[in-house]
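To find a chain, count down the sequence lines: A is the first, B the second, and so on, and within it residues start at 1. Predicted, not measured: the structure shown is a model, and the values here were computed from it.
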2 protein chains.
Amino acid sequence: MIPTDKKEALLAYMEEKGFHATRQRDIILKEFFRKHRHLTIEEWLAEVRKSDPKIGYATVYRTLKLLSECGIAFKREFGGQVRYEHATDHHHDHLICMRCGKIVEFENKQIEILQEKVCKKYQFKLTTHKMELYGICRRCTPSKK
Amino acid sequence: MIPTDKKEALLAYMEEKGFHATRQRDIILKEFFRKHRHLTIEEWLAEVRKSDPKIGYATVYRTLKLLSECGIAFKREFGGQVRYEHATDHHHDHLICMRCGKIVEFENKQIEILQEKVCKKYQFKLTTHKMELYGICRRCTPSKK
DNA sequence: TTGAAAATGAATATGATTATCAATTTCTAA
DNA sequence: TTAGAAATTGATAATCATATTCATTTTCAA
């Protein structure tokens with residue numbers, strides 16, 4: 001369920017920092033990998049509490065931060081809401097349905113090449129970017145019958 | 001100083017809504033057009049208070065919201081900070097220097113065409129998008145001498 | 001097993017934004 | 001011009017998401 005390499009990365013990071021393994025962190029890690037989604041902290045908290053209703057708000061905050069520090073999670077911000085998603089080794093952006101909230105990850109090398117071009121034009125050295133496409137997904141589009 | 005058409009747009013909007021003209025709104029509008037920048041509310045407040053130190057926080061919030069409602073300003077969000085910029089008739093995105101905070105507006109039709117393509121691929125109907133390129137501007141790049 | 005260090009979770013603090021409300025200002029209509 | 005209804009202001013309080021504090025509990029190395 002939990003990818004071995006991710007688990008090891010976390011343990012190595014905790015070892016290095018002198019952090020302790022705890023029941024709560026185990027639960028949160030397990031729940032994090034059970035869902036392949038881009039959930040808000042509120043939503044992750046709800047998931048985690050299905051396993052242990054006593055887990056606190058702050059612990060979820062702290063543990064998601066920990067997961068992003070050791071490269072297991074990415075912290076994202078869509079429309080003012082912080083979300084944590086599974087880290088990937090390739091860069092990707094997001095397509096968001098404004099009606100149902102569905103989020104699709106996509107990659108487009110051509111766009112990234114053009115972004116580099118824009119930066120060159122303005123003499124900027126590109127470090128990172130943020131791109132979100134907002135629209136209406138197929139399921140939310142009224143059919144034309 | 002204040003573009004006539006913008007001033008008229010605001011007056012028409014206020015007329016329609018039954019809003020009153022006030023000294024504070026005049027000052028804020030004037031200051032808004034004095035600066036061609038993407039300032040935060042905090043920063044606009046500071047500008048406005050140079051003309052009238054008694055103007056309150058809430059008034060600036062409300063008036064910038066008013067300006068965006070009638071199409072004079074655009075509300076933006078960079079890195080968790082809300083900013084208000086001059087409205088333009090063409091869509092544009094932003095290039096942001098991570099060191100000095102310099103913001104450059106740019107337009108790139110090719111990227112927008114590719115964004116449409118991505119949406120088509122995932123069967124989304126594109127409504128709007130958000131793209132920010134973060135980097136280091138020329139002035140902030142150490143020269144290689 | 002023990003004690004130092006870290007983690008938890010409840011509560012509180014913070015920072016940005018929004019709402020409340022009494023006092024003031026604007027504007028319409030007589 | 002003026003009265004009064006409606007809107008605005010600005011100080012303050014409320015809200016919301018996130019971060020911090022701290023006493024208690026847990027972990028882990030010796």
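- Dashed line: the shortest gap from a side-chain N or O of A:Tyr61 to OP1 or OP2 of D:dT18 is under 4.0 Å.
- For the pair A:Arg37 and A:Phe32, the cation-pi test (distance below 6.0 Å, angle within 45°) is failed.
- Taking every side-chain heavy atom of B:Phe19 into account, D:dA7 is the closest of D:dA7, C:dG9, C:dC27.
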Please write out the pairs of protein N or O atoms and N or O atoms of nucleotides 28-30 of chain C separated by less than 3.5 Å, giving the distance to one decimal.
none

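- If you find the closest nucleotide of DNA chain C to A:Met14 and to A:Arg49, the one lying nearer the 5' end belongs to A:Met14.
- Using a 4.0 Å cut-off, some side-chain N or O of A:Gln24 falls inside it from OP1 or OP2 of C:dG9.
- Side chain of B:Thr59, nearest nucleotide from D:dG10, C:dT17, C:dT8: D:dG10.
- Closest to the side chain of A:Val82, from the set C:dA19, D:dT18, D:dT8, is D:dT18.
- For A:Thr22, counting side-chain heavy atoms from C-beta on, the closest listed nucleotide (D:dT9, C:dC27, D:dT27) is D:dT27.
- Nearest nucleotide to the side chain of A:Ile41, out of D:dT18, D:dG10, C:dT8: D:dT18.
- Hydrophobic cluster membership of A:Leu126, counting Ile, Leu, Val, Met, Phe, Trp and Tyr whose side-chain heavy atoms lie under 4.5 Å apart directly or via other members: A:Leu95, A:Val104, A:Phe106, A:Ile111, A:Leu114, A:Val118, A:Tyr122, A:Phe124, A:Met131, A:Leu133, B:Leu95, B:Val104, B:Phe106, B:Ile111, B:Leu114, B:Val118, B:Tyr122, B:Phe124, B:Leu126, B:Met131, B:Leu133.
- Paired with A:His38 under the rule ring-ring contact (aromatic ring centres under 6.0 Å, His included), one option of A:His94, A:His86, A:His92 passes, and it is A:His94.
- Checked by atom type and distance alone, the side chain of A:Arg139 never pairs as donor or acceptor with a backbone atom of A:Cys100 at under 3.5 Å.
- Mapping A:Arg23 and A:Arg62 onto DNA chain D via the closest heavy atom, the residue that lands nearer the 5' end is A:Arg62.
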Could you list all N or O pairs between the protein and nucleotides 2-6 of chain D that sit under 3.5 Å apart?
none

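- B:Ser68 places a side-chain N or O within donor-acceptor distance of the main-chain N or O of B:Lys65, the cut-off being under 3.5 Å.
- The shortest distance between the side-chain N/O atoms of B:Arg25 and the OP1/OP2 oxygens of D:dT8 is below 4.0 Å.
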